[in-house]
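These notes concern the structure reproduced below.
Residue indices begin at 1 and follow the sequence shown. Quick note: numbers below take in every heavy atom, side chains included, and nothing from hydrogens, waters or symmetry partners. Since the model is a prediction, treat every value here as computed from it, not as a measurement.
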Amino acid sequence: MRSDSRPPLILTAGAIAGLLFLHLPILLIFLYAFTTDERTYQFPPPGLTTQWFAVAWNRADIWPPLYLSLKVAALSTVMALILGTLCAAAMARTRFFGRDQISLLIILPIALPGIITGMSLRSAFSIMDIPFSTWTILMGHATFCIVIVFNNAVARFRRLSGSIVEASMDLGANGFQTFRHVILPNLGSALLAGGMLAFALSFDEVIVTTFTAGQQSTLPIWMLNELVRPRQRPVTNVVAIVVFVTTFVPILIAYYLTRGGSETAGGGK
C-alpha cells in the first residue's frame, strides 16, 4: 500500500465517531453557556445570549473558590517540582538495593483510584488530629503532582550523560554551579512540562479534594454544588469554560514541550 493512500472509509468513520464521543460533551458545555434558558438543557437552545458571562463575573461566591483553586494548584506545582526532581535525581543517578521497588512506590499514587487516596488521607488527618485547611488540600494534591514531575524528570535524567557532570566538576565547578549551569538547563523543558501538567491536574481535581477540603470549596467542588440548583445553570457552564481554558493551555504547552515522547509524563488522575 502506498504511504499516501487514503485510509479505508470504515477507519475514517470510526475516527470521526471517536472524536465526537470524546469532544461533543465539551462542545455542549460551550453551547449551553450561551443559552437564554436558565433552568433546563433543552435542545436546541431557545435562544443565545452572552449575559451569563456578566452574571458569572458579578457572582461574589465564585471568586473565593477560584482563588483557592489557583493557590492550591500553584503551591502543589512548586512542591512537586522540588520533591519530584529530587526523587528523580536519586532514582536515575544512583544505584542501590531496592531502587526499582522505591520507584514503584513513588509512582503508585497516580495509579490508585482518587477515592482510595482521599479516604487514606482523611483517615490519616483524623488520626493525627490535623484540622482541614488549605494545607490538607495541598498535601492531597501533591500525592499525584509529584508523580507527574517525577515521570518527566526521571526520563530526562536517564537521557543526560553523566560525563558532562563529571566534566563540570573536573573544571572546578561545585555542586550548586553544576546543577545551575549544566543539569538545570538540560532539565528545563521537562520540568516546565511536568509543572504545567501538575498545575492543570491540581486545578480541576475533585475526588481527593472532597476528602481533604473540610468546609472549604475549590472551584470544581463549587461547580458540582451548583449543578443541583435549578436556577442560573448556564453560569456553571461559563465557569466550566474558565476551568477548561485554565487546564487546556498548560496541557497544550506541555504536549508541545514533550511531543518527542521520551519525557512525557504518565497518565493523570
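At a threshold of 4.5 Å between side-chain heavy atoms, the hydrophobic network of Ile, Leu, Val, Met, Phe, Trp and Tyr places L121 and I137 in two separate groups. Cluster membership check: V245 shares its hydrophobic cluster with M196, using side-chain heavy-atom separations under 4.5 Å among Ile, Leu, Val, Met, Phe, Trp and Tyr. W135 and F203 are members of different hydrophobic clusters when ILVMFWY side chains are connected at heavy-atom separations under 4.5 Å.
Between V238 and W57, every side-chain heavy-atom pair lies at or beyond the 4.5 Å cut-off. M139 has its side chain out of reach of T212: every pair of non-hydrogen atoms, C-beta onward, lies at least 4.5 Å apart. Side-chain atoms of T136 and I130, non-hydrogen and from C-beta on, do get closer than 4.5 Å to each other. Side-chain atoms of L201 and F144, non-hydrogen and from C-beta on, do get closer than 4.5 Å to each other. Annotation: side chain of F248 is not in contact with side chain of V243 (no heavy-atom distance under 4.5 Å). In this structure the side chain of F34 reaches within 4.5 angstrom of the side chain of T50, judged on heavy atoms.
To the nearest 0.5 Å, atom OG1 of residue T143 and atom CD1 of residue I146 are 8.0 Å apart. Between atom CE of residue M79 and atom NE2 of residue H141 there is a gap of 12.0 Å, rounded to the nearest 0.5 Å.
For V239 against W222, the heavy-atom pair with the smallest separation is CG2-CZ3, 3.6 Å. Of all the heavy atoms in R122 and F132, the pair that sits closest is NH1-CZ, 3.5 Å. Scanning all heavy atoms of the two residues, the minimum distance from A198 to V149 falls at CB-CG2, 4.5 Å. Nearest heavy atoms, I148 versus G194: CG2-O, 3.6 Å.
L28 CG: more than 12 foreign heavy atoms inside a 6.0 Å radius. Counted within 6.0 Å of CD1 on I10, heavy atoms from surrounding residues, nucleotides or ligands total 12 or fewer; the atom is thus considered open.
Between the side chain of D129 and the main chain of F125, no donor-acceptor pair closer than 3.5 Å is present. E205 contributes a side-chain N or O that, together with a main-chain N or O of I207, makes up a donor-acceptor pair within less than 3.5 Å. A donor-acceptor pair under 3.5 Å is absent between the side-chain atoms of W63 and the main chain of N58, judged by distance alone.
I116 pairs by the side-chain contact (heavy atoms from CB on, under 4.5 Å) definition with P113, S120, not counting sequence neighbours.
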Would you tabulate the side-chain donor-acceptor contacts of residues 68-78 under 3.5 Å, counting partners in other chains and residues two or more places apart, or write 'none'?
from : atom 1 : to   : atom 2 : distance (Å)
S69  : OG     : P65  : O      : 3.1
S69  : OG     : L219 : N      : 2.8
S76  : OG     : V72  : O      : 2.7
T77  : OG1    : A73  : O      : 2.7
T77  : OG1    : F199 : N      : 3.4

